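Counting convention: from 1, in listed order, for ligands and their atoms alike. Computed over heavy atoms, backbone and side chain alike; hydrogens, waters and symmetry mates excluded. Just so you know, these numbers come straight off a predicted model, no measurement behind them.
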Amino acid sequence: MLLVAPENFFLFAPLLPEAASGTIEPRHAVIPLREMLRRTQLLVGDVTSIDLAAHTAVARDLTGAEHEISWQQLVLSPGSVPSVVAVPGLDEHAVGFKTLADAIWLRNQVLRQLETADATLDPVRRRELLTFTFVGGGYAGVEALAEMESLVTDALHTYPRLGRNDLRWVLVEARDSLLPGLDPKLARYCEERLRRRGVEIRLNTWLESCVDQTVVLSDPAVAPYVSATIVWATGQRPSPLGSGLGLETDEAGRLIVDDGIRAVGRSDVFALGDAAAVPDPDGGVCPGTAQHAVRQAKVCAQNVAAALGVGQPTTFTYRNRGLAVTLGRNQGTAQVLRFTFTGLPAWLMGRSYHLLMMPGLARKVRVVADWTTSMLFPRDLSQLGSLGRRAPLA
Ligand SMILES: Cc1cc2nc3c(=O)[nH]c(=O)nc-3n(C[C@H](O)[C@H](O)[C@H](O)COP(=O)(O)OP(=O)(O)OC[C@H]3O[C@@H](n4cnc5c(N)ncnc54)[C@H](O)[C@@H]3O)c2cc1C
């Protein structure tokens, strides 16, 4: 069994917003793959090409060397990448919110803006430095904004020269509501909570440009403004690895598979997660969530084993049982079967569910220790942005 992955760790994405806000240590949102998969060979690098007819693939390792791999059964789970559209200035000024590096960067950026604003006497410039724009009102955008807002609110008392009026939080969403797929009542609850925390929520609005950090929105009622931090958390599209292989895809570019997670017309190729259109037992295709991906992975593993003569094949029958959104500051919503929860109970349910799903006892204990510490002590506000750069020797 060989796994090709670009990092030597597995990222537990639901904890990414908390890793960004520092409620948990970023390293605790990941699990080393070599610890998780003791009987799997790991090649850290990227698959650059796949030949379905020859049953081979080429992977490039960290040194740039290429390795030809022969395979018997192929599992494609390359996930998704942000859907970047042609918005002037986006490449230069916006950051995505998908990887651990994004989360660490965002935390350092937000803390850096606080330090810079504290040293700035010009009130207009200070507000520009403390203006944070999040584009995309889905789960990643809402949770990331909520967590960063709670980080800044907690940090503010250590900056006596800065006040709440210096801050501006803007959430831009092209649809007419936040959090698609969530019970509309709960989505409105999240919206109202964020508004009460001072977040400007701009629905039916999109980002037109952000050249030189000047944000221009489609709503003419909002005057262009400078935002030193712009987070691009809009929808995702399937990673390009699966395209161009000649396999059947849906209109979104996801690889179409059957309820055995097998690609159409192939007995030796499986696809799952965000890059695949897996039939949902409740109709349509599964949404791109971790809770679906991990269940698909189990079915896929059993069917790969069955194809190799071990055990019986199975089908994907998992039904979504709920959704939780955490907003930091003990706030959130949860939907379990037909029951809905808000506030502290929902926040606790969201955290408990994440803990339950987190693989490995050691990581669970570390995360609980982080949560406990963050409840008992003030946040750690160290800005460690310089650590990622090598200092010149002289
Ligand atoms: C901020 C955030 C919060 C989220 N919160 C939740 C939540 O609370 N609950 C929930 O259910 N879901 C949540 N999700 C969604 C969830 O993370 C995804 O649905 C899930 O990770 C999909 O799993 P996957 O294996 O398909 O893709 P991924 O987890 O993205 O893994 C795919 C991997 O393949 C790698 N890869 C891509 N191309 C190649 C290549 N050519 N060669 C080698 N490797 C490659 C990628 O780099 C990546 O490491 C969240 C997502 C984000 C971004």
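Proximity of Arg202 to Val222: side-chain heavy atoms (C-beta onward) are separated by under 4.5 Å at one or more points. Residues Val199 and Val170 have side chains not in contact (no heavy-atom distance under 4.5 Å, counting atoms from C-beta outward). Phe97 has its side chain out of reach of Phe134: every pair of non-hydrogen atoms, C-beta onward, lies at least 4.5 Å apart.
Residue Phe97 places a heavy atom under 4.0 Å from ligand 1. Ligand 1 is never approached by His292 to a heavy-atom distance shorter than 4.0 Å.
For the pair Arg168 and Phe132, the NZ or CZ position fails the cation-pi test of under 6.0 Å to the six-membered ring centre and within 45 degrees of the ring normal.
Shown in contact with Thr289 at under 4.0 Å from a heavy atom are these atoms of ligand 1, numbered in order with element: 10 (C), 11 (O), 12 (N), 19 (O). For ligand 1, the atoms closer than 4.0 angstrom to any heavy atom of Gly273 are 26 (O). Those atoms of ligand 1 that come under 4.0 Å of a heavy atom in Val4, given as number and element, are 43 (C), 44 (N).
Ranking protein heavy atoms by distance to atom 27 (O) of ligand 1, first place goes to Gly79 CA, 3.2 Å. Closest to atom 31 (O) of ligand 1 among all protein heavy atoms lies Ser77 O, 4.2 Å. The protein heavy atom nearest to atom 23 (O) of ligand 1 is Ala293 CB, 3.8 Å. The protein heavy atom nearest to atom 6 (C) of ligand 1 is Pro14 CG, 3.7 Å. Ranking the protein heavy atoms by distance from atom 45 (C) of ligand 1 puts Pro6 CD, 4.0 Å first. Atom 30 (O) of ligand 1 has Lys98 NZ, 3.5 Å as its closest protein atom, hydrogens excluded (heavy atom only).
For ligand 1, the polar-atom distance check against Asp274 finds a nitrogen or oxygen pair separated by under 3.5 Å. Distances between N or O atoms of Gln291 and those of ligand 1 include at least one value under 3.5 Å. Considering both main-chain and side-chain atoms, Val47 comes within under 3.5 Å of ligand 1 through a nitrogen or oxygen pair. For a threshold of 3.5 Å applied to N or O pairs, the pair formed by Leu16 and ligand 1 contains no separation below that value. Residue Ala290 places at least one N or O, backbone or side chain, under 3.5 Å from an N or O of ligand 1.
Between atom 51 (C) of ligand 1 and the options Ser80, Pro78, Ala13, the minimum heavy-atom separation is to Ala13.
For Arg188 and Glu192, the salt-bridge test fails: no basic side-chain N is under 4.0 Å from an acidic carboxylate O. A salt bridge links Arg379 with Asp154: at least one charged nitrogen is closer than 4.0 Å to a carboxylate oxygen.
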Evaluation steps, side-chain hydrogen bond (donor to acceptor under 3.5 Å, both in side chains), between Asp212 and Thr214: CA-CA 5 Å; Asp212 295 334; Thr214 300; over 6 Å; no
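When non-hydrogen atoms are compared, ligand 1 lies under 4.0 Å from the side chain of His354 (C-beta onward) but not from its backbone.
Closer than 4.0 Å to atom 34 (O) of ligand 1 lies at least one heavy atom of the protein. Of the protein's heavy atoms, at least one falls inside 4.0 Å of atom 8 (O) of ligand 1.
Judged purely by distance below 3.5 Å, without hydrogens or angles, the side chains of His67 and Asp61 pair a donor atom with an acceptor atom. Side-chain polar atoms of Asp274 and Ser80 form a donor-acceptor pair below 3.5 angstrom.
A donor-acceptor pair under 3.5 Å links the side-chain atoms of Ser227 to the main chain of Thr229, judged by distance alone.
Under the 4.5 Å side-chain heavy-atom criterion for grouping Ile, Leu, Val, Met, Phe, Trp and Tyr, Leu182 is not connected to Leu348 through any hydrophobic cluster.
Between His55 and Trp71, the angle of the ring planes stays under 30°, which puts this pair in the parallel group of the 30/60° scheme.
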